[in-house]
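Order of the sequence lines fixes the chain letters, A, B, ..., with proteins taken first and strands second; residue numbering starts at 1 for each chain. Heavy atoms only: backbone and side chains are in, while hydrogens, waters and symmetry mates are out. Owing to the predicted nature of the structure, the values given are computational and were not obtained by experimental measurement.
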Protein chains: 2
Amino acid sequence: MAPRGGLRTGAGRKPGSNDYHESTRAIRVPLSLWGDLQQYLDSIKLLRKRQTLTKDMVFPAIAPPPLNFPLFASRIPAGFPSPADDYIDQRLDLNAYLVTHPAATFFVRVSGHSMTGAAIHDGDLLIVDRALEPQHDRIVIAAVNGELTVKRLAIKKGIPWLMPENPDYPPLEISEGLDCVIWGVVTQVIHHV
Amino acid sequence: MAPRGGLRTGAGRKPGSNDYHESTRAIRVPLSLWGDLQQYLDSIKLLRKRQTLTKDMVFPAIAPPPLNFPLFASRIPAGFPSPADDYIDQRLDLNAYLVTHPAATFFVRVSGHSMTGAAIHDGDLLIVDRALEPQHDRIVIAAVNGELTVKRLAIKKGIPWLMPENPDYPPLEISEGLDCVIWGVVTQVIHHV
DNA sequence: TCTTATGAATATCGTACGCTATTCATTTTA
DNA sequence: TAAAATGAATAGCGTACGATATTCATAAGA
């Protein structure tokens, strides 16, 4: 059998022919992160593999989730003898941390300065929980004459008031004739630096 | 000169004598993650070196399964919003929204009142991005003598200063002899109501 | 006896290495 | 002529390897 010799330009495995569609590089990581990282990388592979599927073959029932991002999905199983040191073993999922009742939670963008005394500024994003009951001294979203507003709810002698936290704005009594609905309770304020 | 031979039990480098205080293992990662991961690992190293930090104060971000919540538009028109309406014009994943560089992002709990003028209060949770370059007028996390502090970075005539935003606290010049590391840039402040 | 110098022991670290998987021009076969 | 088989070329993958860093029992020196 004769050899099939000769030049083979263009032959060979293609760069980025791995599951990432991208070259890789070895890096050294602490053992406690190794499992998580492995898991994370697997999910990246999976996501990038899906890119080879055309929209004619596979498509989601609803809008695709933001597949963004990174790191370290699950907690490390304990059992690592940590020297008397401050190890980082806490992780945070902002959604879970900031939202208690997902189905009843909404975001509202603040405009105006009536609540600067309560650390609520123009442009901030409020996390509003509609499942919480409005109570005295809580910060609430109220719809007054159909317009949303952020104020602190105060009950004085049985009369509810909407109290701004800025001396330039007046309190508003929720009297009988006022078209006012307490719409939700503010639980968190997200302020962009 | 006679040899110093013989058994040497107990000799040798100790396990966990690296910057992680923990053994490591090589793992292969895609190049696009390599930089972020490198930065993340550097942060871990730095944190484990410091002894004044507790795990309650600083911890890394994670990648949770994406959850979406309804988001209201900036300007909410008059009326009563409900999920059935088209007031909801987008949904929001807080992780994706608040974290730009997940591998380089950490959370820091604020203690103290030196930055109340910048809407940063005692107990707030800061989102800190180590991938951002500290620049003039940005709010940064600095490690001064091993202790974390939040200040606004100011460059005056080439000299960097750490400026509080509370008249009760003094500015701090970052002079040559000072043990100070700008550790990250604050991008968001989460304030619990 | 106490202090210092020495070198065996052993962990860390980045990466090179051996192996496998893939690609495709060429050759062989139908 | 078209399809299948072959094997050179080249990238991916996990880990072993050589070099370096650190520790500390012992020997040498004060």
Side-chain angles (χ1 to χ4, degrees), chain A residues 1-54 57-58 67 69-74 76-89, chain B residues 1-51 53 60 63 101 103-104 130-131 146 179 181 183:
Chain A
M1 196 178 296
R4 334 284 176 86
L7 195 57
R8 287 290 186 282
T9 54
R13 197 167 174 160
K14 291 281 180 276
S17 63
N18 60 354
D19 289 341
Y20 300 112
H21 297 191
E22 183 187 348
S23 291
T24 62
R25 181 180 172 80
I27 191 174
R28 215 164 250 284
V29 301
L31 289 183
S32 65
L33 294 181
W34 189 80
D36 275 357
L37 190 56
Q38 199 90 334
Q39 205 173 338
Y40 169 66
L41 292 175
D42 281 348
S43 65
I44 296 284
K45 286 181 190 174
L46 210 67
L47 289 174
R48 299 203 173 168
K49 249 183 202 164
R50 288 202 189 131
Q51 292 179 351
T52 64
L53 303 177
T54 70
M57 296 163 61
V58 177
L67 50 87
F69 72 91
L71 216 54
F72 311 148
S74 63
I76 312 160
F80 212 85
S82 76
D85 222 341
D86 327 298
Y87 274 17
I88 305 161
D89 61 354
Chain B
M1 193 179 297
R4 335 283 177 84
L7 195 57
R8 286 290 187 282
T9 54
R13 196 167 176 162
K14 291 282 181 278
S17 62
N18 60 355
D19 289 341
Y20 299 111
H21 297 191
E22 183 185 347
S23 291
T24 61
R25 181 181 173 81
I27 191 173
R28 213 164 252 284
V29 301
L31 289 183
S32 65
L33 294 180
W34 189 78
D36 266 2
L37 192 55
Q38 198 89 336
Q39 217 158 17
Y40 175 73
L41 292 174
D42 282 348
S43 305
I44 298 284
K45 287 181 190 174
L46 196 70
L47 287 175
R48 295 196 174 174
K49 263 184 197 163
R50 306 284 172 175
Q51 297 188 344
L53 303 181
H101 305 108
R130 284 185 45 97
D179 173 24
V181 178
W183 191 75

With B for base contact, S for sugar-phosphate-only contact and - for none (protein heavy atoms under 4.0 Å), nucleotides 16-21 of chain C reads B----B
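- Rounded to whole Å, the distance from NZ on Lys14(B) to P on dT20(D) is 23 Å.
- Nearest heavy atoms, Arg25(A) versus Leu31(B): CB-CD2, 3.7 Å.
- In this structure, Arg25(A) places its CZ atom 15 Å from C1' of dG12(D), rounding to the nearest Å.
- Tyr20(A) has its OH atom 7 Å from the P atom of dC13(D), to the nearest Å.
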Would you please test Leu41(B) and Ile27(A) for side chain to side chain contact (heavy atoms under 4.5 Å, CB included) and show each step?
CA-CA 10 Å; Leu41(B) 292 174; Ile27(A) 191 174; 3.8 Å; yes
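- The CG-P distance, from Leu31(A) to dC13(C), rounds to 11 Å in whole Å.
- Residues satisfying the side chain to side chain contact (heavy atoms under 4.5 Å, CB included) criterion with Arg13(B), sequence neighbours excluded, are Ser17(B).
- Contact annotation: Ser17(A) does not reach the phosphate of dT23(C) (side-chain N/O to OP1 or OP2, under 4.0 Å).
- Residue Asn18(B) has no polar side-chain atom (N or O) positioned under 4.0 Å from OP1 or OP2 of dA11(C).
- Atom CD1 of Ile27(A) is separated from atom P of dG14(C) by 8 Å (rounded to the nearest Å).
- Of all non-hydrogen atoms in Trp34(B) and Ala26(A), the two that sit nearest each other are NE1-O, 4.4 Å.
- Applying the 4.0 Å criterion to OP1 and OP2 of dA11(C), one finds that Ser23(B) has every side-chain N and O outside that range.
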